[in-house]
Participant: 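This is the structure, below, for whatever I ask next.
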Amino acid sequence: MKAIWNNTVIAESDETIVVENNHYFPPQSIKKEFFKESETHTTCPWKGEASYYTINVDGSENKDAAWYYPEVSELAKSIQGHVAFWKGVAITK
């Protein structure tokens with residue numbers, strides 16, 4: 001699977017985990033040069049507190065377009081640290 005934004009592959013993996021229709025990419029599969037930590041946090045009742053990344057490709061910024069769970073509940077252990085996308089980031093094979 002590939003995560004593409006602004007015509008650039010920002011993550012790629014054959015080992016994504018699908019939860020609630022979102023592909024979670026292993027942390028080592030993201031291209032870190034495009035990701036910047038955000039101050040945004042949200043809480044999922046069953047997964048825990050999510051942290052966000054802002055994506056920057058060729059000077060274009062997509063605020064809080066990726067999220068991950070640094071710490072998770074027992075139910076979500078499989079996606080701890082994995083990164084998922086929204087806000088126009090295309091997920092393709």
Side-chain angles (χ1 to χ4, degrees):
M1 299 303 295
K2 294 178 183 177
I4 301 169
W5 189 71
N6 202 17
N7 298 314
T8 301
V9 175
I10 57 173
E12 188 170 3
S13 176
D14 293 329
E15 299 176 3
T16 63
I17 299 169
V18 179
V19 175
E20 297 177 334
N21 295 318
N22 293 302
H23 282 269
Y24 283 81
F25 287 73
Q28 66 275 15
S29 71
I30 69 169
K31 297 183 179 180
K32 295 196 185 297
E33 65 268 25
F34 300 121
F35 293 77
K36 183 178 77 174
E37 291 277 349
S38 168
E39 295 295 316
T40 302
H41 298 279
T42 58
T43 302
C44 171
W46 73 272
K47 291 187 284 278
E49 185 179 70
S51 295
Y52 287 77
Y53 289 116
T54 293
I55 299 168
N56 191 311
V57 175
D58 293 332
S60 294
E61 190 173 88
N62 194 346
K63 185 168 173 43
D64 298 338
W67 75 91
Y68 66 99
Y69 294 90
E71 302 292 328
V72 292
S73 69
E74 277 302 312
L75 292 171
K77 280 290 184 198
S78 66
I79 61 164
Q80 184 169 3
H82 285 52
V83 181
F85 300 93
W86 66 328
K87 292 191 173 184
V89 176
I91 307 301
T92 64
K93 286 191 175 197

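This is a predicted model, so every value here is computed, not measured. Numbering of residues begins at 1 and proceeds along the displayed sequence.
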Participant: Which class fits the ring pair F35 and Y53: parallel under 30°, tilted 30 to 60°, perpendicular over 60°?
Facilitator: perpendicular
Participant: Would you check if the side chain of T42 reaches a backbone N or O of A50 as a donor-acceptor pair within less than 3.5 Å?
Facilitator: no
Participant: Which heavy atom in A66 sits nearest to a heavy atom in I55, and how many Å separate them?
Facilitator: CB-CD1, 4.3 Å
Participant: Could you pull out the closest heavy-atom pair between W86 and D64, with the gap in Å?
Facilitator: NE1-O, 2.7 Å
Participant: Hey, what do you get for SG (C44) to CD (E20), rounding to the nearest 0.5 Å?
Facilitator: 6.0 Å
Participant: Work out which heavy atom in V57 is nearest to a heavy atom in N6; give both atom names and the distance.
Facilitator: O-ND2, 3.0 Å
Participant: Could you name each residue pair satisfying salt bridge (charged side-chain N to carboxylate O under 4.0 Å, His left out) that touches residues 68-93, not counting sequence neighbours?
Facilitator: none
Participant: Measure the OG-CD distance between S29 and E15 for me, rounded to the nearest 0.5 Å.
Facilitator: 9.0 Å
Participant: Hey, what do you get for NE2 (H23) to OG1 (T92), rounding to the nearest 0.5 Å?
Facilitator: 9.5 Å
Participant: So does A84 get a backbone contact from the side chain of N22, meaning a donor-acceptor N/O pair under 3.5 Å?
Facilitator: no
Participant: Please determine whether the number of non-hydrogen atoms from other residues, nucleotides or ligands lying under 6.0 Å from atom CD of E49 exceeds 12.
Facilitator: yes
Participant: If you look at every heavy atom in F25 and K2, which pair is closest and at what distance?
Facilitator: CZ-C, 3.9 Å
Participant: Would Y52 and F34 show up in the same hydrophobic cluster when neighbours are defined by side-chain heavy atoms closer than 4.5 Å?
Facilitator: no
Participant: Using the side-chain hydrogen bond (donor to acceptor under 3.5 Å, both in side chains) criterion, which residues pair with Y24? Sequence neighbours excluded.
Facilitator: W67
Participant: Just wondering, are more than 12 heavy atoms of other shown residues or ligands nearer than 6.0 Å to CD in E39?
Facilitator: no
Participant: Identify the two heavy atoms, one from G48 and one from Y69, that lie closest to each other, and give their separation to 0.1 Å.
Facilitator: O-CE2, 3.4 Å
Participant: Can you find a pair of side-chain heavy atoms, one from H82 and one from P27, that are under 4.5 Å apart?
Facilitator: yes
Participant: Indicate the atoms forming the closest heavy-atom contact of W5 with G88, along with that distance.
Facilitator: CD1-O, 3.7 Å
Participant: State whether the side chain of E12 and the backbone N or O of A3 hold a donor-acceptor pair below 3.5 Å, judged by distance alone.
Facilitator: no
Participant: Could you check V83, V89, N56, I30 and say which one makes a side chain to side chain contact (heavy atoms under 4.5 Å, CB included) with I10?
Facilitator: V89
